[in-house]
Amino acid sequence: MPKKILSIDQGTTSSRAVVYSDKGELIGYEQMEFSQLFPDDGWVEHDPEEIWQSVVQVLKRSIQRFDLIPSDIASIGITNQRETVVIWDKKTGKPIYNAIVWQDRRTSDFCDSLKESESLIQQKTGLTVDPYFSASKVNWILNKVNGARKRADNGELLFGTIDSFLIWKLTEGRDHKTDVSNASRTMLYNIRTNCWDDELLSLFSIPSNLLPSVCDNSYDFGYTELVGGKVRIGGVAGDQQSALIGQCCFDVGDVKSTYGTGCFMMMNTGSEIINSSNKLLSTIAYRLDGETTYALEGSIFVAGSAIQWLRDGLEFFQQAAESEDIALQAKDSSRVIVVPALTGLGAPYWDAEARGAIFGLTRDTGIPEITKGVLESVAYQTKDLLEAMRNDKAFFNTIKIDGGMVANNWFSQELSNVLQVTVSRPKITETTSLGVAYLAGLHSGVFENLSSLKDNWAIDRKFTPDRTTTGYVEWKNAVKKVLTD
Ligand code: ADP
């Protein structure tokens with residue numbers, strides 16, 4: 001029986017092909033960046049052909065580098081940047097416009113005009129009305145690209161999030177499918193009835209013939225021959241849901257918090273959909289054998305990217321990892337509070353217009369104090385999310401952390417201190433590609449069931465509170481000063 005699993009991790013800035021063993025051990029990966037296009041203020045696009053070529057490249061390179069033959073590969077998994085939209089021609093496979101990326105704000109006026117339908121949309125989709133999600137982007141392409149609406153009405157076009165586009169390309173047009181976790185981020189999918197919603201489709205003027213069929217996360221998504229022979233695509237999930245699975249958060253109250261460019265916190269809420277009164281999102285975590293598990297999600301726009309800003313913008317240091325030693329040099333007396341709203345504030349504020357600020361500067365404030373302030377701000381934002389979850393009566397039992405930033409021990413310890421909670425860092429922090437490897441492996445029989453996967457989760461380090469902190473009250477006051485509404 002083939003033993004290896006190949007995960008395609010199609011992220012916002014790069015594509016990766018990651019190889020895992022049948023024990024969920026990371027064997028290695030190949031990675032390739034692609035262009036970020038900013039054609040106008042607040043617009044963010046990707047060239048879908050370039051994304052596809054990057055996926056082809058990393059797949060081919062990983063096959064060569066790890067000496068894989070098709071019969072070695074039990075299954076392929078796909079995890080992806082969520083919400084990003086592609087519309088392509090059914091016959092030629094040619095996209096009719098660039099991919100509009102989740103970060104893109106061009107549809108904010110349209111979304112503002114939907115305020116009247118806000119509670120209906122939230123009730124059906126678990127999402128707040130925001131350009132972030134796919135529906136308004138699809139609407140924009142159909143309205144603005146020459147001839148698109150007519151071609152859509154004639155049944156000539158297909159829509160997909162990135163997973164769907166990749167499945168279609170990998171299967172050479174045989175399969176137009178997506179999974180429930182990606183579908184639940186489109187704002188067109190009813191998470192209660194588990195199907196595309198006609199009322200939402202008409203609200204966004206999107207013909208249903210554009211849509212992919214929606215499948216369980218572990219499923220036969222079709223086969224590809226791109227790897228030199230036939231291999232099934234057996235697992236698909238959006239990146240954050242995949243990380244939840246990679247962290248083995250299978251029980252109600254299990255939380256994972258990922259600290260990359262932004263921070264995404266997700267809590268497993270089991271069969272319950274929580275109607276957040278605190279601007280958190282309810283979403284589908286996964287569906288296996290027809291049984292749906294839900295999650296509550298809070299996203300912070302700026303986490304590791306604030307460290308990038310200190311590194312590249314302010315040139316405080318050359319490597320992100322140096323932030324740890326520098327923060328340790330900060331004077332104890334420092335009361336610097338940084339609100340890193342460089343691209344607005346996410347949950348629980350959802351204020352895209354808010355901009356950053358630094359408070360508490362004195363003559364002896366220097367690079368260490370500001371660096372420490374930035375790291376602390378990510379911990380304070382996490383506390384905001386946990387408080388919002390608590391106010392929604394969603395209570396956690398474990399918090400598992402991952403993402404590039406958690407390599408920083410000072411940050412991870414400070415996070416535990418600010419939250420006054422123990423946080424656990426696993427040995428494999430590549431949880432995004434791991435989650436979908438699990439899903440693909442479940443489909444091909446490499447893994448038996450979810451509970452057997454729990455044995456693969458191994459702890460690297462536990463961070464337990466070692467002191468109390470007082471900055472959170474000052475953080476809340478500082479945020480109030482930058483909010484625009
Ligand atoms: P993404 O998947 O969003 O590209 P990663 O999970 O690879 O992000 O994490 C990269 C981010 O983490 C970068 O924004 C970087 O600034 C930050 N980062 C990486 N290492 C450290 C560190 N040791 N301390 C603080 N931040 C770090």
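Every number for a ligand or one of its atoms is a count from 1 in the order of the listing. Because only heavy atoms are used, hydrogens play no part in the values below, and waters and symmetry mates are left out as well, while side chains stay in.
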Within the 4.0 Å heavy-atom sphere of ligand 1, strictly under, residues:
Gly260, Thr261, Gly304, Ser305, Ile307, Gln308, Ala320, Ala321, Ser323, Gly403, Gly404, Met405, Asn408
Any Phe133 side-chain heavy atom under 4.5 Å of Arg82 side chain:
no
Aromatic rings Tyr380 and Tyr472: how do their planes relate, parallel, tilted or perpendicular, breaks at 30° and 60°?
tilted
Any sub-3.5 Å donor-acceptor pair from Asn397's side-chain atoms to Val252's backbone N or O?
yes
Excluding sequence neighbours, so at least two apart, what forms ring pair (Phe, Tyr, Trp, His ring centres under 6.0 Å) with Phe447?
Tyr438
Distance under 6.0 Å and angle within 45° of ring axis: Lys481 vs Phe359:
yes
Quick one: is the NZ or CZ of Lys400 closer than 6.0 Å to the six-membered ring centre of Trp457, and within 45° of its axis?
yes
